[in-house]
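Here is the structure we will look at.
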Amino acid sequence: MSNDAVQLWELTRQFSSGTTSVTALDRVSLIFPKATFTAVMGPSGSGKSTLLQCAAGLDRSTSGSVTIGGTELTGLSETELTLLRRERIGFVFQAFNLLPSLTAAQNVALPLRLAGRRPPKARVREVLEQVGLGDRARHRPTELSGGQQQRVALARALVTRPEVLFGDEPTGALDSRTSREVLDLLRGMVDREGQTVVMVTHDPLAASCADRVVFLVDGRVHGELTGAGAEDIAAHMTKLEAAPC
Ligand code: ADP
């Protein structure tokens, strides 16, 4: 069994319209080992979101491959890809994307319902407790703070026990205190549950919670830092942003 949760091999994604073509990802090869927390950083337009979308099977690459837990995504049909996303991948976005008419517990149970499974109450309760919201199961999103809503979104992403959790600026809409809560939760999921987390962020403090920070510039990997603090990460970003094209 491979010890890698996700492998990206020579991943390339071009967007074409008419005669113009943009290379959002240019032969990116990366490995995300199991039970590790990786942050992806880079200037605006460097390909971070495209990387996450392709790695999570939400977008298809132009060439190269994505392998999740031994399954190569390239060869999968749309139906197979949908099933893989539903069962084996979790995703949290900057916007919490909770359904306002459903309670926290119903929102968390939704991925299981969509998969045609009867959501086990104990599992829903367990995952809400993991994110510290065991006592808010019956609250609707409008009755919860932003940080609590993102924790419900996190519980929803984790309810299927995904092999990898992708986050696209998951703390982007939160103040620094609630960001910290969400980041501590992610860190705890990696350390205690062996969860694999890959998170795009522009915040050096958020990135410093990860084991490793991978930097993208113009769709290419441009170095990485391991175990770095927020100041070193911020300094590295400043250098990248100042670099001439
Ligand atoms: P980041 O997340 O680092 O800001 P993106 O992955 O969103 O970068 O975008 C990388 C490049 O790809 C940018 O030049 C962007 O304009 C382009 N791009 C992203 N999505 C599309 C799309 N759907 N159609 C055309 N160009 C796109």
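These numbers come from a predicted model, not from an experiment. Start at 1 and go down the list; that is how both ligands and their atoms are numbered. Scope of the values below: all heavy atoms of this structure, side chains included, with no hydrogens, waters or symmetry mates. Residue indices begin at 1 and follow the sequence shown.
Atoms CG and CG, on Leu81 and Leu76 in that order, are 5.5 Å from each other to the nearest 0.5 Å. Distance check, rounded to the nearest 0.5 Å: OG1 of Thr196 to CD1 of Ile89 gives 11.5 Å.
Remark: Thr82 engages Arg85, Arg86 in a side-chain contact (heavy atoms from CB on, under 4.5 Å) (not counting sequence neighbours). When the ring pair (Phe, Tyr, Trp, His ring centres under 6.0 Å) test is applied to His222, no partner is found at least two apart in sequence or on another chain. The side-chain contact (heavy atoms from CB on, under 4.5 Å) search around Arg220 returns Asp26, Arg27, not counting sequence neighbours.
Just one residue in the list Ile31, Leu51, Val221 forms a side-chain contact (heavy atoms from CB on, under 4.5 Å) with Leu8, and that residue is Leu51.
A heavy-atom cutoff of 4.0 Å around ligand 1 is satisfied by the protein residues Phe15, Val22, Ala24, Pro43, Ser44, Gly45, Ser46, Gly47, Lys48, Ser49, Thr50.
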